[in-house]
Enquirer: 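Quick one: structure below, then a few questions.
Worth saying up front: this structure is predicted, and the values here are computed from it rather than measured. A, B, ... follow the sequence lines: proteins, then strands. Residue 1 opens every chain.
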Amino acid sequence: MTEFKLDKARLLRRSFFNRDPREVSPELLGKIILRRQGRKVLAGRIVEIEAYLGADDAAAHAAAGRTARNDVIFGPPGYAYVYFIYGVYYCLNISCMPEGDAGCVLIRALEPIAGIAAMAKARQMQDLDLKSSRNLQKLASGPGKLCEALDITRQHDNAKDMLSPDSDLQVVDDGFKTGNVTVTSRIGITKSAEMPLRYLIADSLFISGKQTGYRRKERGARGKQLNHNH
DNA sequence: TTATAGATTGCCT
DNA sequence: GGCAATCTATAAT
């Protein structure tokens, strides 16, 4: 588990997201999604991200052009794009690129670091032993799971500015440095499935998917280590 | 107006 | 590994 000090956390700058999602993704790993519920603070460190581009990316919601549903992706950077999938779950993205240009990053998995009991309750896991790492790994290790854990819905959170001091849904930096960033192809899509746009902290225990030794090994073998300076 | 696929998850065998 | 759950956008009638 990585440490987290709320008083050291600072909102990311707008310019951070005013770029291509492929540049944003590797740097966004290790940053924190913060949810305020009254006096309570729920937080998770980002350990897995996918980049979605514009017209050139058939898998992206933006590919078919601007609509009421995907409007946020074309808007200014740093805003939450929340969509409903399979009639069951919500997924959280953050808009990238200058206003008018499409691009976003899908937040795919979080390492829970604050408000864990509240997250467990939201996930209907309040009766489980939260000292068990196996159970902690189930809290937010997927795009649908993390939205449930942080109570993120389209109705309440779509088009919300995640860089505003007044927002109850923010992205912050507590100074944590990540290593071991790996890139693989994206999960669960059929179009443009070969593009290497999934970024993850390779040794994190909190990435999405079944937590079996086989899957872990396979993933590591297929992913490419990314060189980057921090 | 009706059909179908989808950036997922958890339960079933 | 298979598949149901169940809403939405978009394609096909």
Enquirer: Please report, rounded to the nearest Å, how far the P atom of B:dT9 is from the OH atom of A:Tyr90.
Expert: 15 Å
Enquirer: Classify A:Arg108 by what it touches in the nucleic acid, base, sugar-phosphate, or nothing, heavy-atom distance under 4.0 Å.
Expert: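 Sugar-phosphate, no base atom in range.
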Enquirer: Is A:Tyr52 stacked on the base of B:dA7, with ring centres under 5.5 Å apart and planes under 30° apart?
Expert: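 One would call A:Tyr52 stacked on the B:dA7 base.
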Enquirer: Does this structure show an ion pair linking A:Asp20 with A:Arg22, if we count only N-O contacts that are shorter than 4.0 Å?
Expert: yes
Enquirer: I need the OH-P distance between A:Tyr89 and B:dA7, as an integer number of Å.
Expert: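 My rounded result for the distance is 16 Å.
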Enquirer: Name the nucleic acid region contacted by A:Arg154, choosing base, sugar-phosphate or nothing; use a 4.0 angstrom heavy-atom cut-off, strictly under.
Expert: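 Contact class for A:Arg154: none.
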Enquirer: Heavy atoms under 4.0 Å, any strand shown: does A:Leu106 hit a base, just sugar-phosphate, or nothing?
Expert: base
Enquirer: Would you mind reading off the distance between A:Ile85 atom CD1 and C:dA4 atom P, rounded to a whole angstrom?
Expert: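 In whole Å, C:dA4 P and A:Ile85 CD1 are 18 Å from each other.
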Enquirer: Would you kindly check whether a donor in the side chain of A:His61 faces an acceptor in the base of B:dA7, or vice versa, at under 3.5 angstrom?
Expert: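 Indeed there is one.
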Enquirer: Using the rule for Phe, Tyr, His and the six-membered ring of Trp, do A:Tyr86 and B:dT8 stack at under 5.5 Å and under 30°?
Expert: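 Yes.
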Enquirer: For A:His61 and A:Tyr81, take the angle between the two ring planes, folded into 0 to 90°, and tell me which bin it lands in: parallel under 30, tilted 30 to 60, perpendicular over 60.
Expert: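 Correct class here is perpendicular.
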Enquirer: Whole angstroms only, please: what is the CD1-P distance between A:Ile187 and B:dT9?
Expert: 9 Å
Enquirer: Of all the choices, C:dA5, B:dT9, C:dT10, which nucleotide is nearest to the side chain of A:Thr67 once you look at every atom?
Expert: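 Ranking C:dA5, B:dT9, C:dT10 by closest atom to the A:Thr67 side chain puts C:dT10 first.
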Enquirer: Would you say the side-chain atoms of A:Arg186 pair up with the backbone N or O of A:Ser192, donor to acceptor, closer than 3.5 Å?
Expert: yes
Enquirer: More than 12 heavy atoms of other residues, nucleotides or ligands under 6.0 Å from CZ of A:Arg13: yes or no?
Expert: no
Enquirer: Counting only side-chain N and O atoms of A:Thr190, is one of them less than 4.0 Å from OP1 or OP2 of B:dG6?
Expert: yes
Enquirer: Measure CG/A:Leu146 against C1'/B:dG10 and give the value in whole Å, please.
Expert: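 Answer to the nearest Å: 17 Å.
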Enquirer: Kindly say if A:Lys191 contacts the phosphate of B:dA5, meaning a side-chain N or O under 4.0 Å from OP1 or OP2.
Expert: no
Enquirer: Starting from the 5' end of DNA chain C, give me the residue, A:Phe84 or A:Asn70, whose nearest nucleotide shows up first.
Expert: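 Upstream on the strand: A:Phe84.
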Enquirer: On DNA chain B, nearest-nucleotide positions of A:Arg123 versus A:Ala59: which is more 5'?
Expert: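 Nearest-nucleotide comparison on DNA chain B picks A:Ala59.
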Enquirer: Separation of A:Arg69 atom CZ from C:dC7 atom C1', in whole Å?
Expert: 10 Å
Enquirer: Go ahead and name the base partner of C:dA4; Watson-Crick or wobble counts if both distances stay under 3.5 Å, otherwise write none.
Expert: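 By the stated definition (distances under 3.5 Å), B:dT9 pairs with C:dA4.
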Enquirer: CE of A:Met125 versus C1' of B:dC11: gap in Å, rounded?
Expert: 15 Å
Enquirer: Can you tell me the distance, in whole Å, between the OH atom of A:Tyr83 and the P atom of C:dA9?
Expert: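 About 13 Å, once rounded to whole Å.
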Enquirer: Would you compute the distance between atom CD1 of A:Ile152 and atom OH of A:Tyr89 and round it to the nearest 0.5 angstrom?
Expert: 15.0 Å
